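All of these numbers come straight from a predicted model, not from anything done at the bench. Throughout, protein chains are lettered first and strands after them, A, B, ... in sequence-line order, and every chain is numbered starting at 1.
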Amino acid sequence: MEFIADLHIHSHLSRATARNLDLEHLYLWAQLKGITVVGTGDFTHPEWLSEIRTKLEPAEPGLFKLKDEIADKVAEEVHPSCRTEVRFLLSVEISSIYKRGGRVRKVHNVVYAPDLETAEKINSRLDRIGNIHSDGRPILGLDSRDLLEIVLEASEDAFLIPAHIWTPWFSALGSKSGFDSLEECFGDLTGHIFAAETGLSSDPAMNWRVSGLDGITLVSNSDAHSPAKLGREANLFDTGLSYFDIKDALKTGDPTRFLGTIEFFPAEGKYHFDGHRKCGVRLSPAETRQCNGICPVCGKHVTVGVMYRVEELADRREGEGPLRRHPFTSLLPLTDILSECLRVGPQSKKVQRHYHQLLRDLGPEFDILRKMSAERITHAGSPLVCEAIKRMRNQDVHIAPGYDGEFGKIRLFDDDERDKFTNQQSLFQIPRSRKKTSLRKVEKEPSRPAKAGKHAPPAPIPKDKNPGVPASSMLNLNPLQEEAVLHTGGPFLIMAGPGTGKTRTITERIARLLSHGIARPDQVLAVTFTNKAAEEMEKRLDLRVANQDILKHVTIRTFHGLCLDIMHQEAEALKTEDIFGILGDVDRRRLIKSLVPGGCDAQEVSDAISAAKQFLFLPEDNWEKIITGIPHNLFAGIYRGYQEALRENLVFDFDDLILQVVRLLESSEPIRKKYQERFSFISVDEYQDINHAQYRLIRALAPADKDLCVIGDPNQAIYGFRGSDVRYFHAFKKDYPEVKSICLTQNYRSTETILKASTQVIGRTNTNGPLWSGIHGDQRITISELPTEKAEAELVVKTIETEVGGISHFSMDSRKIDTGAGTKERGFSDFAVMFRINGQGKVIEEAFERSGIPYQRIGKERLADRKGISDILYCLRMLEALPGGMGNNGLFNSKQVDWGKSELERLKARLEGLSVEEKIEHILKEVDCLRDLSKEEAFKKDVDQLLSFSKSFGRRVPAFLAHLALQSETDLHDPRAEKVTLMTLHAAKGLEFPVIFICGCEEGLIPYQHNHDEAADDCEERRLFYVGLTRAGEKIFLSRVKKRLLFGKTLTPSPSRFLKDIDQDLKEHETPFSGKKRRDMQLKLF
DNA sequence: CGCCCCTGACTTTTT
DNA sequence: GTCAGGGGCG
């Protein structure tokens, strides 16, 4: 018999599916659509399986039917014209996320079982591998090949079909995380793959161009996430009604039994073309190639769609194909056609009403779309609908292709064409009946046009998040930002809370100074704390200032970078050599250790030296007041010895850079004047974080009447332990009495919920005006309580899997229902996991390792200090005879490198005149231990980083070394990497993510209590938590555990006090892993 | 000289 | 509970 089958659907137990996606509704909708065989979906889910057991009973071999008593009830709801038999077939989609060949693969496969026993067998195997209890489409760290093996082992009649093979994110051949061929994906078991699902965004003709798929039966299914989407695509069979006949038809591809497929128009699919939905960029494959796959708006890689990917793997031209082809028909869903005719949304009541009227009068949807005569359709519907269907059957459809998760837009008529049909007569001849249909209450037709909500464009993205678009004018600034930008002529203080467009404001301001000719480029100085902030500023300024020459003369530096420059310029006045080294952390520790007597805490001494220097005290000065905890005579000796060692080795430490310059500027009026005149326009970022030395530096450079603009947020002062003092920020008004100040309060990053919660946390110490964003999203932030930190880590991983995996490519049903921030498509880079101390990171990292989710951990170890890298640098210094290379006291010797004098001379001669990069490559080959190390992945990565960093320095080894010393790990955070970021709360400052996790929200950890006798610094810890919360744009997940193993001790911490400060109605408490009870599904049809 | 074992440390860390 | 580094022993 001839029948239609839809073999890939989901139940209500899958993520992002309709609540009414139960067997009754599947039965109902299969009939409305005209489908005979439907997959059950989700058979791995225990709850769904038991639903299957209770509601279905075996029918023909391998098929199931709804039990009569249930079917009878549902039958009343089916239009008599549509009533028919429906069979179910056990199916499930598995999401496999795993690493292969060094890449993360995400592949979806549909598995079919001939009977419940086989399903059970598969389930029990998968249960051991991962969690199949919480998602109808389980996400497993299981290789597709291994999944196939499990399936085949369970029963020789079970089979597997790779799902929607072209979708970018989750498929066997997908561009993002798939393979280049089925062979690559399934390896030795590829022979067991006899069918593949083409997915919504491709049709068989596209697939024919890939010869690797010859002999594979191309099937099409709906992948429905709601009953009404059933049969969006489907298969035509002409076989006996049984599982085995269906399987055999697919396996053999016998064209008399597998008749082909019913398709979407591929352009209507969500991933047909390429682009960025967020940026509003839609690209054809050719256009994508033209811009090298980079989004012209945001500069990130575009989401490459199905068309592009097919062309990439195609070895035949368009129109060509294999001998064995199955026919296919492209159809539009009837609701889409009606939507087009009625000019209202497909979900609208109006469309729904007409839809059911047509079905009632004419029979199942597929009958209407595929073969019904024009007369009948016109009679029951209207000439317009009939014409629409005619055009569809003739493939006369205009579609703006879908891209990056956005469905294509169909157009069947021009406006005047439509008018031609509608003006003749009312659209439907059927009276707007109040006739009782048993299906639904017919509501009065709304007189207003299509509901705005569903089709309204998303809220405009704040310009700030669109750094690629140069602001054409200052109209993009809010009034306060504009005021800040316009201010010139005197000291200016900007309080800028999180997400208020701080960097934008500061760069706009500089851009204006330059473009209005108020300042010469060389007069402009911008000081930041981090290289990253400096780079960011430079990047943004670059977009605003057309002339590269101008930008070149602007000084944008970190505090240390600026001082390093000045030290080089003023080497003579400083009585130092022109070339000197910078003492890295590792060498500093080693040096101090060699100086302190036993039993003395080297770290404490190191901190003390740092503190002394930050207050500009050298050994001979009166540092006594600020040094506590170390006997002063002892400290004096160590400090003196330390400074001597630095001088002998011609190196300065980080603190010296500032100290030397401040002392120079303060002691020499001519030099001070010179720099004061040079830098007439100064901006300082993150002013709340300056320490005493940095404060004095700014004071020296900027006298009271200077055009000095400082910007910062006292709420985010989190570096007190390192000498930063927010009091300098507050003292600014006293220091610069002429000061004007403003406070930016519009936040462009976070939802109101997040702003409210973080404001409550910062509480009475809040120094800012009330932040607002007008961004509405989740009403609550989630707080989870877990038994152990391992469970906590697993929850983080699982939540990310859900957020990424549950939604990505077929969320359309739910996306239209769940508006707002709830169901965004997310990539891994949208997430950050934060914690208070690095020690927490390990467990979390391990959980990520297990899951295969790509992540990057921002650690504290700088590139220059890593194993092997420090040795390379040591070699470089030796070769160049640079400071820090040859320790007079053996301090800075590399343990690994042992070059004799003659060997050194020989190498020197050989490497003469080479670039830094080439020298490094030679060193790698010359040194035994480095050669050995080169086998290690981690070292290879480090070397790659080092080499790429070295490129811009040409032959300038000293500059390379100096700048490398001033690099930090945070500078290496790559927001473009499709990875979850793991880091401490401190490291998160200045970053933003749509979704954040903060782990360990427990007393003792947040706020952190170092030891029992010392109370935690409540205020600074509060600010730290505030910084963490305000990183988030849309969602916050906080977690705490009841039992935590920390430093070998088991703690049973109570919840963080900061959690209590968040209003109850902003919090949602969850106790995961306890099997949330779902509401019983009722048969409420519409 | 090299290896192994023991011992202590184990916040946050823009440069 | 883990890991690095120092000291001691072979």
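- Neither OP1 nor OP2 of B:dT12 sits under 4.0 Å from any side-chain N or O of A:Tyr1008.
- The separation between A:Ile837 atom CD1 and C:dT2 atom C1' is 14 Å, rounded to whole Å.
- Rounded to whole Å, the C1' atom of C:dT2 lies 22 Å from the corresponding atom of B:dT13.
- Scored by the salt bridge (Lys or Arg N to Asp or Glu O under 4.0 Å) test, A:Arg1031 finds no partners at all (sequence neighbours excluded).
- Every residue two or more places apart in sequence or in another chain that forms a side chain to side chain contact (heavy atoms under 4.5 Å, CB included) with A:Leu1045 is listed here: A:Glu789, A:Thr1050.
- Taking the salt bridge (Lys or Arg N to Asp or Glu O under 4.0 Å) definition, one finds that A:Arg1044 meets it with A:Glu792, A:Glu1002, sequence neighbours left out.
- Centre separation under 5.5 Å together with a plane angle under 30° holds for the ring of A:Phe721 and the six-membered base ring of B:dT12, marking them as stacked.
- Judged purely by atom type and a 3.5 angstrom limit, A:Asp653 uses its side chain to pair as donor or acceptor with the backbone of A:Asp655.
- Scanning for salt bridge (Lys or Arg N to Asp or Glu O under 4.0 Å) contacts around A:Glu644 gives an empty result, with sequence neighbours left out.
- Taking side-chain N and O atoms only, A:Asn838 has no distance below 4.0 Å to OP1 or OP2 of B:dT11.
- Under the rule for a salt bridge (Lys or Arg N to Asp or Glu O under 4.0 Å), the partners of A:Asp1018 that lie at least two apart in sequence or sit in another chain are A:Arg1022, A:Arg1057.
- Glycosidic conformation, B:dT12: anti, with the torsion outside 90° of 0.
- Residues from residues 1042-1055 of chain A lying near DNA chain C, meaning a heavy-atom separation below 4.0 Å, are A:Leu1045, A:Phe1047, A:Gly1048 in numerical order.
- Distances shown here put a side-chain N or O of A:Thr984 below 4.0 Å from the OP1 or OP2 atom of B:dT13.
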